[in-house]
Amino acid sequence: MALMTIISSLDELYTHRLQDIYYAEKQIVKSLPKMIENARNDRLKSGLEKHLRETETHVERLEEVFSLHGEKAEAVECPAIDGIIEEADHLAGEVEEGDVLDAAIIASAQAVEHYEITRYGTLVAWAQELGHDDAASLLRQNLDDEYGADQTLNDLAQERINRRAG
């Protein structure tokens, strides 16, 4: 059994959540290519490809945040993102290819985006509270990208994919 670390300050909590989202972003980089491969709609495919490049940049920004704090970028396992990705893989395996699969991919990708939005929103607030304005700015850029990706997915779903899947 692993020893449990006791977090006793906002700074420690902030660092732990940075490690958590760092892990999550790296897992997302690994999982997006499969979603891209399974997607049939060209706009969905290109939107996921764009977000893969953004996610790679998110990893780099997080590494910069760690560096600003004089720390090595380190990940801690995140059961939440592992569960979301596992659920997405499971669902994709149960859905026939085509428009319904594209709708399932969008739903799964939005679950990931919403998770990231909650994490980054909190991290921005904590960074500001702790006086880490440079880090807050980098984290805000990641948050803005996540909002943009979520909006793109939402637009695709509402404009055509959900209707075609119906």
Side-chain angles (χ1 to χ4, degrees), residues 1-39 47-95 104-154 157:
M1 178 186 262
L3 293 176
M4 197 163 100
T5 303
I6 303 298
I7 297 170
S8 59
S9 70
L10 183 59
D11 191 55
E12 290 173 359
L13 184 58
Y14 167 74
T15 299
H16 186 272
R17 283 296 187 219
L18 281 174
Q19 294 168 335
D20 174 278
I21 196 67
Y22 184 62
Y23 173 89
E25 292 286 22
K26 291 177 88 168
Q27 293 305 108
I28 294 163
V29 166
K30 290 179 187 176
S31 69
L32 272 170
K34 186 173 183 182
M35 289 177 122
I36 293 165
E37 181 183 322
N38 288 335
L48 292 171
E49 288 167 348
K50 177 183 181 232
H51 196 59
L52 174 58
R53 291 186 302 274
E54 287 176 345
T55 304
E56 292 166 343
T57 300
H58 296 170
V59 170
E60 292 169 7
R61 282 188 194 130
L62 287 168
E63 289 168 349
E64 189 175 342
V65 169
F66 281 106
S67 179
L68 287 170
H69 296 305
E71 298 177 25
K72 180 179 179 263
E74 186 177 322
V76 293
E77 195 168 308
C78 173
I81 201 66
D82 287 340
I84 292 169
I85 291 170
E86 182 181 326
E87 179 184 50
D89 288 344
H90 181 76
L91 180 61
E94 292 182 344
V95 177
I105 289 170
I106 287 174
S108 296
Q110 283 191 289
V112 169
E113 295 310 319
H114 294 179
Y115 170 80
E116 291 176 294
I117 288 167
T118 63
R119 285 296 191 251
Y120 281 118
T122 298
L123 284 167
V124 168
W126 287 349
Q128 290 170 335
E129 181 66 29
L130 293 165
H132 303 310
D133 295 334
D134 290 347
S137 176
L138 292 167
L139 295 165
R140 167 57 74 184
Q141 290 175 52
N142 284 8
L143 177 61
D144 291 344
D145 287 347
E146 303 302 353
Y147 276 124
D150 183 56
Q151 188 61 55
T152 297
L153 291 164
N154 195 52

Check: Do you see a donor-acceptor pair shorter than 3.5 Å between the side chains of His58 and Glu116?
Finding: no

Item checked: Shortest non-hydrogen contact between Val29 and Leu52, atoms and distance -> O-CD1, 3.7 Å

Margin query: For a quick test of reading the model, state the closest non-hydrogen atom pair linking Val65 to Leu18 and the distance between them.
Written below: CG1-CD1, 3.8 Å

Next item on the list: Would you give the length of the straight line joining atom CG of Asn142 to atom CD of Glu25, rounded to the nearest 0.5 angstrom?
Entry: 6.0 Å

Check: Going through the distances and angles, do Leu48 and Ile105 end up as a side-chain contact (heavy atoms from CB on, under 4.5 Å)?
Finding: CA-CA 10 Å; Leu48 292 171; Ile105 289 170; 3.9 Å; yes

Note to self: Taking the side chain as everything from C-beta on, heavy atoms only, tell me whether Phe66 gets closer than 4.5 Å to Gln19.
What the structure shows: yes

Next item on the list: Mind jotting down which residue pairs meet the salt bridge (charged side-chain N to carboxylate O under 4.0 Å, His left out) criterion with at least one end in residues 133-150? Sequence neighbours excluded, please.
Entry: Arg61-Asp145, Arg140-Asp144

Checklist line | Euclidean distance, Thr57 OG1 relative to Glu64 CD, rounded to 0.5 Å | finding: 11.5 Å

Next item on the list: Please list all pairs passing the side chain to side chain donor-acceptor pair (under 3.5 Å) test where one or both residues lie in residues 81-95, with sequence neighbours left out.
Entry: Tyr23-Asp82, His90-Glu94

Margin query: Restricting to non-hydrogen atoms, name the atom on Ala104 and the atom on Leu91 that form the minimum distance, rounded to 0.1 Å.
Written below: CB-CD2, 3.8 Å

Check: Can you tell me how far CD1 of Ile85 sits from NZ of Lys34, rounded to the nearest 0.5 angstrom?
Finding: 11.0 Å

Notebook entry, point to check: For Leu139 and Leu62, which heavy atoms make the closest approach, and how far apart are they?
Noted result: CD2-CD2, 3.7 Å

Notebook entry, point to check: For Tyr115, what residues pass the ring-ring contact (aromatic ring centres under 6.0 Å, His included) criterion, not counting sequence neighbours?
Noted result: none

Checklist line | Interatomic distance, Thr152 atom OG1 to Glu113 atom CD [nearest 0.5 angstrom] | finding: 9.0 Å

Check: Roughly how far apart are His16 NE2 and Ile7 CD1, rounded to 0.5 Å?
Finding: 4.5 Å

Checklist line | Pairs touching residues 6-19 that satisfy salt bridge (charged side-chain N to carboxylate O under 4.0 Å, His left out), sequence neighbours left out | finding: Arg17-Asp20

Next item on the list: With sequence neighbours left out, write down each residue that passes side-chain contact (heavy atoms from CB on, under 4.5 Å) with Ala107, or none if nothing qualifies.
Entry: none

Item checked: Listed once per pair and sorted, the side chain to side chain donor-acceptor pair (under 3.5 Å) pairs that draw on residues 69-80, sequence neighbours left out -> Tyr14-His69

Check: Which value, rounded to the nearest 0.5 Å, describes the distance between Ser108 atom OG and Met35 atom CE?
Finding: 5.0 Å

Checklist line | Glu63 and Tyr22: CA distance, side-chain angles, deciding distance, side-chain contact (heavy atoms from CB on, under 4.5 Å) verdict | finding: CA-CA 8 Å; Glu63 289 168 349; Tyr22 184 62; 2.6 Å; yes

Item checked: Lys/Arg N to Asp/Glu carboxylate O, Lys50 vs Glu54, below 4.0 Å -> yes

